[in-house]
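Working notes for the structure below.
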Amino acid sequence: MKTKLFLVTPPFTQLNTPYPATAYIKGFLNTKAIEAVQADLGIEVILKLFSKGGISDLFAVAAPQFEALNNSISDNSKRIFALQEEYIKTIDAVIAFLQGKNPTLALQICQEDYLPEASRFVQLEELDWAFGTMGTQDRGKHLATLYLEDISDFIVECVDANFGFSRYAERLGRSANSFDELYKALQEAPTYIDAVLLSTLKEKIESVQPTLFLISVPFPGNLYSAFRSAQWVKANYPTIKISMGGGFPNTELRSLSDSRVFEFFDYITLDDGEVPIEELILNIEDPSYGAFKRTFLLEDGAVVYKNNSAKSDYKQSQVGTPDYSDLLLDKYISVIEIVNPMHRMWSDGRWNKLTMAHGCYWGKCTFCDISLDYIKIYEPVAANLLCDRMEEMVLQTGENGFHFVDEAAPPALMRALALEILRRKLSVTWWTNIRFEKSFSKDLCLLLKASGCIAVSGGLEVASDRLLKLIDKGVTVEQVAKVTRNFTEAGVMVHAYLMYGYPTQTVQETVDSLEMVRQLFEAGVLQSGFWHQFAMTAHSPVGIYPEKFGVKKETEAIGSFANNDINYIDSTGIDHDKFSFGLKKSLFNFMHGICFDYELQEWFDFKIPKSKIADDFIYNALTEDADLNIKANAKIVWLGGKPSVSSFAKSKKGQSWQMMAFTFHDKKESFDIVLNDLEGQWLVNTLPLISVSNNKTFTFQELKASFETTLENFELFWYSKPVNTLREYGLLVL
C-alpha cells in the first residue's frame with residue numbers, strides 16, 4: 001500500500017505566519033513524488049475559538065461559574081462576561097481586520113468606542129507616548145490585539161488555565177524530566193480547547209486518510225497538544241502510524257527511556273527529518289525492511305534507538321523548496337502586542353521562512369547546543385539556488401517577505417545573496433540573525449539594505465569583554481558597536497539579544513553590561529533588544545563541562561523523558577533573578593530614547609555598585625578613524641545607474657583642456673561629478689563592468705590594473721573628491 005502522509009504543527013506557535021517545519025518536509029517529499037498534506041492546527045483552532053460561534057460557546061461554557069456567583073472570579077472576567085454580546089458582535093469583523101481583509105475597520109477601532117475594553121486597555125495611556133503618532137492601521141492592530149488578549153485572559157481564568165496564543169500547556173513541556181505530570185494530564189477528560197482541537201483534527205483525518213501521521217513539535221508549548229492529538233488518532237484510527245519530530249525532541253528527548261510515550265507515538269525521530277521519514281515510509285510499506293535513521297521506537301516493551309540506515313543525510317541543494325500549499329495563508333492574523341520593534345516583526349505580517357545555511361559557521365558559543373547536528377553540521381546553500389527558491393515561494397504564496405531562520409547567517413553568503421537579488425531585480429524584503437563580526441563593513445551593510453534587508457538580530461549576550469571571551473563569542477563590545485553603527489547608518493534595524501546570569505558573572509559585570517547597553521542605545525546604534533537569563537542546556541559546552549565554567553550541576557541524574565535545561569549552582573552564589581525587572585524596565589525606556597541620564601541605581605530596588613565603564617566608551621569606539629586600506633581582492637560594485645555624460649573645455653591661463661561632466665540620478669536626488677577627459681573615458685567604460693547587474697564582479701586590483709594601462713596613480717584617483725562622491729552614492733568596496 002502506498003504511503004500517504006499528513007504533516008501537522010499542533011497548537012500553538014505564531015498567529016501571523018506558519019511555523020515552517022512541515023513546509024520544509026513537504027518540499028522535500030515533493031522531490032520524491034511522495035503524497036503529503038499539511039496543516040497548521042494552531043491557526044485553525046484559533047479561528048474556530050475566535051469566531052462568533054466560538055466566542056458564544058466560550059461564554060456558554062463559562063456561564064455556570066457566574067450563575068453560581070463564584071466569588072473567586074476576578075472583576076475583570078465579570079466585566080468581560082457582562083459585555084459578552086459586544087464581544088460576540090465584534091469578533092468576526094476584528095479577526096477579518098487582523099487578516100488584512102477589512103482595513104476600514106481601523107477607523108472605528110481607533111475612535112475607541114467600538115471595542116469592548118477590559119484590563120489590557122489600562123496600559124493604553126502609558127503606551128501613547130511610546131507609539132507616538134503611529135498610523136491608523138497600526139494603532140487599530142494594537143487595540144485589536146489588546147481586545148484579543150482580554151478574551152485570552154477570560155479563557156485562562158474561566159475556561160482553560162493552559163491557554164496561550166503562542167503556547168498551550170507550556171509548563172507541562174518545560175524541564176519535564178519525568179513524563180508523569182504530562183501522562184496524568186492526558187488521562188483526564190479533554191478540556192474545552194482540546195475539544196476544539198480534536199474536532200478540527202477529526203475533520204482533517206477523515207479528509208486526508210493518511211497512513212503516516214507526522215507531528216512537528218518545535219517548542220514545549222506544542223508538546224501537550226501533540227500528545228493529545230496522537231492519543232485521539234491512536235484511539236480512533238489505530239492503523240495510522242504516528243511519528244514525532246521537530247525542535248523539542250531534537251533537544252529534549254535524546255535520552256528518552258519512558259515506554260509510556262509509545263502509547264501515543266510509534267516513532268520519534270531526531271535531527272534533520274528527511275532521511276528518517278523516508279526510512280519510516282519504507283518500514284511501513286515493508287515491515288521486514290528494518291533500517292531506521294535516528295529513530296526511537298518500542299521493541300519488546302523497551303525503548304530502543306535505531307540508527308542502522310546506510311543512507312546519508314541529504315545535501316541542502318537536494319531537499320527542495322519549502323512548499324506552503326494546504327496552509328491557510330490568507331487566514332493568519334497579524335497582531336501588534338508590544339512596542340519592541342523586533343518582536344513586532346515576529347507577530348505582524350506573513351513571512352516566507354528560508355535557511356541560508358544549515359548549522360552555524362561559527363559553532364563555538366559555549367552556551368549553545370553546538371554538540372547537536374542542527375548547529376554542528378554547517379552547510380551553506382548557493383546564492384543562486386536560494387534566489388530560485390525565493391522566486392518559487394513568491395509565486396506560490398504571493399508574499400515577498402522572507403525571514404531567514406539561520407542560527408547565524410554567514411556574511412559572505414549574505415553578500416552573494418544580496419548581489420544575486422539585485423542582479424535578478426527582485427523586489428523582496430528580508431531579515432535574519434547574524435553574529436556582530438567585523439566583516440559587516442559599512443559598504444556590505446549598504447549592499448544588504450539595497451537588496452531588501454530591513455533588520456538583523458544578533459547576540460551581544462553579555463556586554464563584557466571577559467565574559468564574551470569565556471562565551472567564545474569571537475567579538476568584542478567595541479566591535480559590536482561599530483557593526484551596529486554600520487547597519488544603522490545603512491538603514492537596517494538592529495536587535496541585540498542580551499544575557500545576564502552567565503556562569504561566574506559578577507554583580508559588577510552585570511552593571512557594566514547594562515551601562516554598555518545604555519551607551520549603545522544613546523549612541524543610536526541599537527534600536528531593539530531583549531534580556532534573557534542564562535539557562536544551562538545539556539548539549540552546550542557549559543552543560544557538558546560545567547566545572548570549566550565555575551558551576552556545578554545540582555544532579556547528574558538523567559530523566560526518563562525530557563533532558564535539556566539543567567539546574568546548577570554558580571560558585572559566585574549570586575541571585576541573578578533579582579536583576580530581571582530592572583534590566584528589562586531600563587531597556588524598555590532606552591528603546592524609546594529616554595532616561596539615558598538616569599543613574600543605573602534608579603532601575604533597581606537594591607544596592608548596586610557604580611559602573612566602571614567610562615561614560616564615553618562607546619562614543620570613542622565609534623569615532624576611531626576608519627581603516628583606509630583596501631585589500632587587492634576586495635570586490636568593487638556600483639549600485640547606481642547609467643549617468644548622462646557631456647564634454648566641455650576648461651581654460652586657465654591661456655591653456656585649455658577637455659573635461660567630462662557626469663550627472664547621476666538615484667532614487668532620492670541627482671548629483672554631478674567632473675573628471676578630466678582620460679579619467680572620464682575610463683569611468684564611462686568601467687561603470688557597466690562593475691554594475692551590480694553584471695554577473696562578473698571585479699576586484700580592486702583588476703580596476704587598478706585597468707586604470708594604469710593608460711593612466712597613472714590609481715590610488716590618487718580612487719581617493720579623489722569625485723570618487724568619494726560616488727562612494728557616497730553606491731560605489732561599494734566589498
Side-chain angles (χ1 to χ4, degrees), residues 20 24 272 313-319 321-322 351-365 367-370 372-390 402-424 426 428-461 468 471-476 479-480 482-484 486-487 490 492-497 631 633-635 637 692 697 699 732-734:
Y24 276 54
D272 291 354
D313 283 305
Y314 287 94
K315 297 291 184 188
Q316 291 303 294
S317 59
Q318 300 170 307
V319 297
T321 301
W351 300 96
N352 296 318
K353 310 263 185 170
L354 262 180
T355 311
M356 288 193 210
H358 182 288
C360 179
Y361 70 95
W362 179 248
K364 295 179 183 179
C365 297
F367 61 81
C368 191
D369 293 339
I370 60 176
L372 299 184
D373 285 359
Y374 83 97
I375 301 283
K376 182 173 64 177
I377 298 175
Y378 172 66
E379 186 196 342
V381 181
N384 61 340
L385 180 55
L386 275 173
C387 267
D388 289 345
R389 290 176 177 175
M390 291 171 78
F402 288 85
H403 176 199
F404 289 97
V405 292
D406 293 65
E407 301 302 318
L413 182 51
M414 290 174 73
R415 178 181 71 183
L417 176 64
L419 288 169
E420 189 67 19
I421 288 170
L422 290 164
R423 282 182 193 125
R424 297 192 190 195
L426 299 184
V428 293
T429 303
W430 61 275
W431 56 291
T432 190
N433 196 43
I434 62 162
R435 284 179 66 248
F436 292 120
E437 61 164 83
K438 60 185 179 218
S439 305
F440 290 109
S441 64
K442 176 184 176 181
D443 282 10
L444 177 54
C445 293
L446 287 167
L447 176 75
L448 299 176
K449 168 67 174 174
S451 73
C453 179
I454 57 165
V456 293
S457 57
L460 171 54
E461 319 309 355
L468 286 172
I471 289 171
D472 204 359
K473 192 73 189 175
V475 299
T476 63
Q479 183 180 313
V480 170
K482 291 175 179 175
V483 170
T484 55
N486 292 342
F487 274 111
V492 178
M493 185 179 78
V494 185
H495 172 86
Y497 296 112
K631 292 179 180 176
N633 63 349
K635 291 177 168 37
V637 172
V692 71
T697 51
T699 65
L732 305 182
V733 179
L734 303 169

Specify the closest pair of heavy atoms between [X] and [Y], including all atoms of both residues, with the distance to one decimal.
X	Y	result
Met414	Ala409	SD-CB, 3.7 Å
Tyr24	Val405	OH-CG2, 3.8 Å
Leu386	Thr355	CD2-O, 3.5 Å
Pro410	Tyr361	CA-CE2, 3.7 Å
Lys473	Gly459	CE-O, 3.2 Å
Cys360	Glu407	CB-CB, 4.0 Å

Using 30° and 60° as the class boundaries, would you call the ring planes of Phe404 and Phe402 parallel, tilted or perpendicular?
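Because their plane-to-plane angle is under 30°, the rings of Phe404 and Phe402 count as parallel.
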Salt bridge (charged side-chain N to carboxylate O under 4.0 Å, His left out) with [X]: which residues, sequence neighbours excluded?
X	value
Lys438	none
Arg423	Glu420
Arg415	none

Sorted by chain and residue number, the side chain to side chain contact (heavy atoms under 4.5 Å, CB included) partners of Ala416 (sequence neighbours excluded) come out as Ala383
State which residues pass side chain to side chain contact (heavy atoms under 4.5 Å, CB included) with Asp313; sequence neighbours excluded, sorted by chain then number.
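In terms of side chain to side chain contact (heavy atoms under 4.5 Å, CB included), with neighbours along the sequence ignored, Asp313 is linked to Asp272, Val275, Lys293, Arg294.
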How long is the span from the OG atom in Ser439 to the CD1 atom in Ile434, to the nearest 0.5 Å?
10.0 Å
Check this for me: Lys353, atom NZ, are more than 12 non-hydrogen atoms of other residues, nucleotides or ligands nearer than 6.0 Å?
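Atom NZ in Lys353 is crowded, with more than 12 foreign heavy atoms closer than 6.0 Å.
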I'd like to know if the side chain of Asp443 reaches the main chain of Leu734, judged simply by a donor and an acceptor atom lying under 3.5 Å from each other, with no hydrogens or angles considered.
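Judged by distance alone, no pair lies under 3.5 Å.
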Just jot down the ring pair (Phe, Tyr, Trp, His ring centres under 6.0 Å) partners of Trp431, sequence neighbours excluded, or say none.
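Scan of Trp431 (ring pair (Phe, Tyr, Trp, His ring centres under 6.0 Å), adjacent residues dropped) gives Trp346, Trp351, His403.
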